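Input: a single structure, listed below in structure tokens.
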There are 2 protein chains.
Amino acid sequence: MELVDLAATPQGQSDFVRYLAQVCDQTGVEYASYAAASPVNGKVFAFTTYPDRWKQHYMQQELHLADPTLHTASRSIAPVDWSRLERTESFNSVFDQARDFGIPDVGLTIPIRGPYGETGLFSVTSSTTPEDWLKLRKRIIADLQLAAVYMHDRVMKSDRLIDLLRYPALSRREIEILQWVAAGKTQQDIGDILSISPRTVEVHLRSSREKLNALSTAQAVGRAISMGLISPS
Amino acid sequence: MELVDLAATPQGQSDFVRYLAQVCDQTGVEYASYAAASPVNGKVFAFTTYPDRWKQHYMQQELHLADPTLHTASRSIAPVDWSRLERTESFNSVFDQARDFGIPDVGLTIPIRGPYGETGLFSVTSSTTPEDWLKLRKRIIADLQLAAVYMHDRVMKSDRLIDLLRYPALSRREIEILQWVAAGKTQQDIGDILSISPRTVEVHLRSSREKLNALSTAQAVGRAISMGLISPS
DNA sequence: AGGATAATTAGGGAAATCCCGTATTTAGGA
DNA sequence: TCCTAAATACGGGATTTCCCTAATTATCCT
């Protein structure tokens with residue numbers, strides 16, 4: 001799993017970082033971040049207003065692999081307040097490191113999912129006391145939720161990002177054949193339908209498996225569905 | 001595809017309807033609805049504050065099959081304002097019928113998705129003019145978004161509802177084995193892991209296919225994933 | 001335009017799955 | 001309590017998928 005700082009890429013998407021900064025200004029939180037994970041290639045793309053030192057440390061140490069805020073929020077529907085996270089080993093490790101870099105440990109993460117099974121995680125941290133945080137949170141939670149949806153919507157509508165997140169792109173034929181497999185057809189059936197040899201069908205399935213990093217066609221179908229490349233039928 | 005009015009079921013979940021009514025009061029919209037769709041059995045479960053006449057008509061005519069608000073929002077990330085919907089045949093049909101029942105055609109639908117791929121749709125309608133609606137929407141959109149997330153979270157945490165949505169129930173062994181298949185394991189692998197004969201593994205897969213009405217194991221895996229019975233891995 | 005990379009096509013043989021059985025155990029309803 | 005339905009467990013044989021290799025065509029990039 002690889003973490004990519006999108007603001008640092010050639011065609012830097014600084015608009016998104018600017019939007020995060022604006023959210024900080026308007027809501028009174030200290031830092032804001034957005035990360036989108038591809039369910040398949042495992043890459044994580046992120047924007048953040050965190051200081052460069054922490055950003056670099058986070059990426060170098062690959063903390064996104066251990067970060068309990070990401071892990072918990074990606075399995076939740078509602079926002080996850082960091083005070084409710086389990087005090088696991090990972091939790092202590094990541095939050096201790098953050099504290100060393102002057103990053104507050106008060107905040108929350110909002111998960112946002114789209115129709116392709118992709119997940120966006122929108123986090124903010126506040127330098128207030130835990131008591132004041134409760135009041136602030138109550139006041140701004142609706143705005144944060146809306147900002148998270150807006151951010152995810154914009155990111156997913158960005159051609160470049162959607163290409164990265166939807167990667168690996170299956171070829172038209174591969175998707176067509178995978179869709180038939182998901183509909184319960186055999187390779188022979190599909191060969192007849194498409195007027196090609198069942199052997200050819202099998203080759204397309206093999207390359208689909210490779211691109212999706214799947215061990216079996218069933219796993220490939222599952223991934224393709226959870227990515228929205230095909231629809232269950 | 002079947003539409004079920006959850007408030008009318010034996011153990012009526014009237015708390016949810018009460019919550020919708022509360023949303024109406026606090027935001028100034030006329031009606032509010034929530035619907036959750038199971039991707040596989042196609043059933044749609046709904047709560048609403050609409051008048052009984054419209055509710056009955058909607059269910060009898062199975063309008064949820066044609067309703068463009070549901071169709072569009074279920075493919076969107078951000079809220080869908082009904083004024084932006086395409087004027088298709090379905091659109092005119094459903095909205096004309098609604099008008100006959102005195103239901104406003106001004107409103108929006110907010111899609112909410114959870115970690116299992118399930119989708120919730122939260123809709124409100126306003127009896128204001130389109131111009132006033134823009135102002136009202138701007139003021140309440142964040143609260144509506146939060147209410148939608150809250151509603152979906154609560155519904156999904158309701159044991160009875162999640163059981164309904166996850167129907168048909170596979171046995172523990174069937175789910176366990178299907179999960180391993182989705183993880184790319186062969187029947188032999190799974191037999192070794194579970195210390196049973198690979199033949200037995202195959203029998204469980206066969207009954208899984210039958211219950212999910214799937215022609216192949218790959219199709220069964222796809223359905224199980226889109227139902228949230230198992231998670232893609 | 002040329003050259004690299006990816007897409008689409010295909011066959012032979014090995015491996016795995018799927019369909020046909022049977023049998024024992026468990027759970028729930030008449 | 002007995003009986004039926006469902007869950008669990010196995011095997012033989014036909015079908016299907018999977019892995020190897022490899023050709024031709026498309027597409028993209030400089």
Side-chain angles (χ1 to χ4, degrees), chain A residues 9-11 40-41 159-160 162-164 166-225 227 229-230 233, chain B residues 10 41 163 166-225 229-230 233:
Chain A
T9 53
Q11 314 173 15
V40 170
N41 59 24
D159 288 343
R160 202 176 127 265
I162 206 164
D163 285 350
L164 289 173
R166 281 190 175 179
Y167 186 87
L170 301 188
S171 73
R172 216 173 307 125
R173 206 57 153 173
E174 287 161 350
I175 288 178
E176 188 175 19
I177 287 174
L178 215 49
Q179 181 71 70
W180 282 117
V181 170
K185 301 295 182 188
T186 68
Q187 294 180 5
Q188 180 67 59
D189 292 339
I190 299 168
D192 292 343
I193 291 168
L194 301 178
S195 301
I196 57 178
S197 159
R199 305 315 187 102
T200 305
V201 173
E202 200 278 324
V203 173
H204 287 299
L205 284 176
R206 190 191 318 154
S207 67
S208 301
R209 286 195 299 271
E210 283 165 3
K211 288 178 179 176
L212 294 171
N213 202 22
L215 294 168
S216 67
T217 298
Q219 188 178 22
V221 166
R223 290 197 164 161
I225 286 177
M227 288 176 79
L229 292 171
I230 61 176
S233 54
Chain B
N41 59 26
D163 285 350
R166 285 188 171 185
Y167 182 87
L170 301 188
S171 73
R172 214 175 306 126
R173 206 59 156 173
E174 287 162 348
I175 288 178
E176 190 176 16
I177 287 174
L178 215 49
Q179 180 70 70
W180 282 117
V181 171
K185 301 295 183 187
T186 67
Q187 294 179 3
Q188 180 66 59
D189 291 339
I190 299 168
D192 292 344
I193 291 169
L194 302 179
S195 301
I196 57 177
S197 160
R199 304 314 187 103
T200 304
V201 173
E202 200 276 325
V203 172
H204 287 300
L205 284 176
R206 192 191 316 162
S207 68
S208 301
R209 287 195 298 270
E210 284 165 3
K211 288 178 180 175
L212 294 171
N213 202 22
L215 294 169
S216 68
T217 297
Q219 188 178 22
V221 166
R223 292 198 161 161
I225 285 177
L229 291 170
I230 62 176
S233 56

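Treat the numbers as computed from the prediction; the structure is a model and nothing was measured. Numbers restart at 1 for each chain; the letters A, B, ... are given by sequence-line order, proteins then strands.
In this structure, of dA9(D), dT8(C), dT16(D), it is dA9(D) that holds the atom nearest to the side chain of Arg173(B). When the nucleotides dA10(C), dC18(C), dA7(D) are ranked by their closest atom to the side chain of Leu205(B), dC18(C) comes out on top. Taking the side chain of Ser171(B) as heavy atoms from C-beta on, and the options dA7(D), dT8(C), dA10(C), the nearest nucleotide is dA7(D). With dG11(D), dC19(D), dA10(C) as the candidates, the nucleotide lying closest to the side chain of Ile196(A) is dA10(C). Set against dT17(C), dT8(C), dA9(D), the side chain of Gln187(B) has dT17(C) as its closest nucleotide.
Atom-to-atom, CH2 of Trp180(A) to P of dT17(D) comes out at 15 Å; the value is rounded to the nearest Å. At whole-Å resolution of the value, CD in Glu174(A) and C1' in dT8(C) are 9 Å apart.
Under 3.5 Å, the side chains of Arg209(A) and Ser216(A) contain no donor-acceptor pair of N or O atoms. Remark: the Glu210(B) side chain and the Ser207(B) side chain contain no N/O donor-acceptor pair separated by less than 3.5 Å.
You won't find any donor-acceptor pair under 3.5 Å spanning the side chain of Arg199(B) and the base of dG21(C), going by distance alone. In this model, a side-chain donor or acceptor of Arg206(A) finds a partner on the base of dT21(D) within 3.5 Å.
Annotation: the span from Ile196(B) atom CD1 to Ile177(B) atom CD1 amounts to 4.5 Å, rounded to 0.5 Å.
For Arg172(A) and Leu215(A), each mapped to the nucleotide of DNA chain D holding its nearest heavy atom, the one lying further toward the 5' end belongs to Leu215(A).
For Thr217(A) and dC18(D), the shortest distance from a side-chain N or O to OP1 or OP2 is below 4.0 Å.
At a threshold of 4.5 Å between non-hydrogen side-chain atoms, the residues Ile193(B) and Lys185(B) count as touching.
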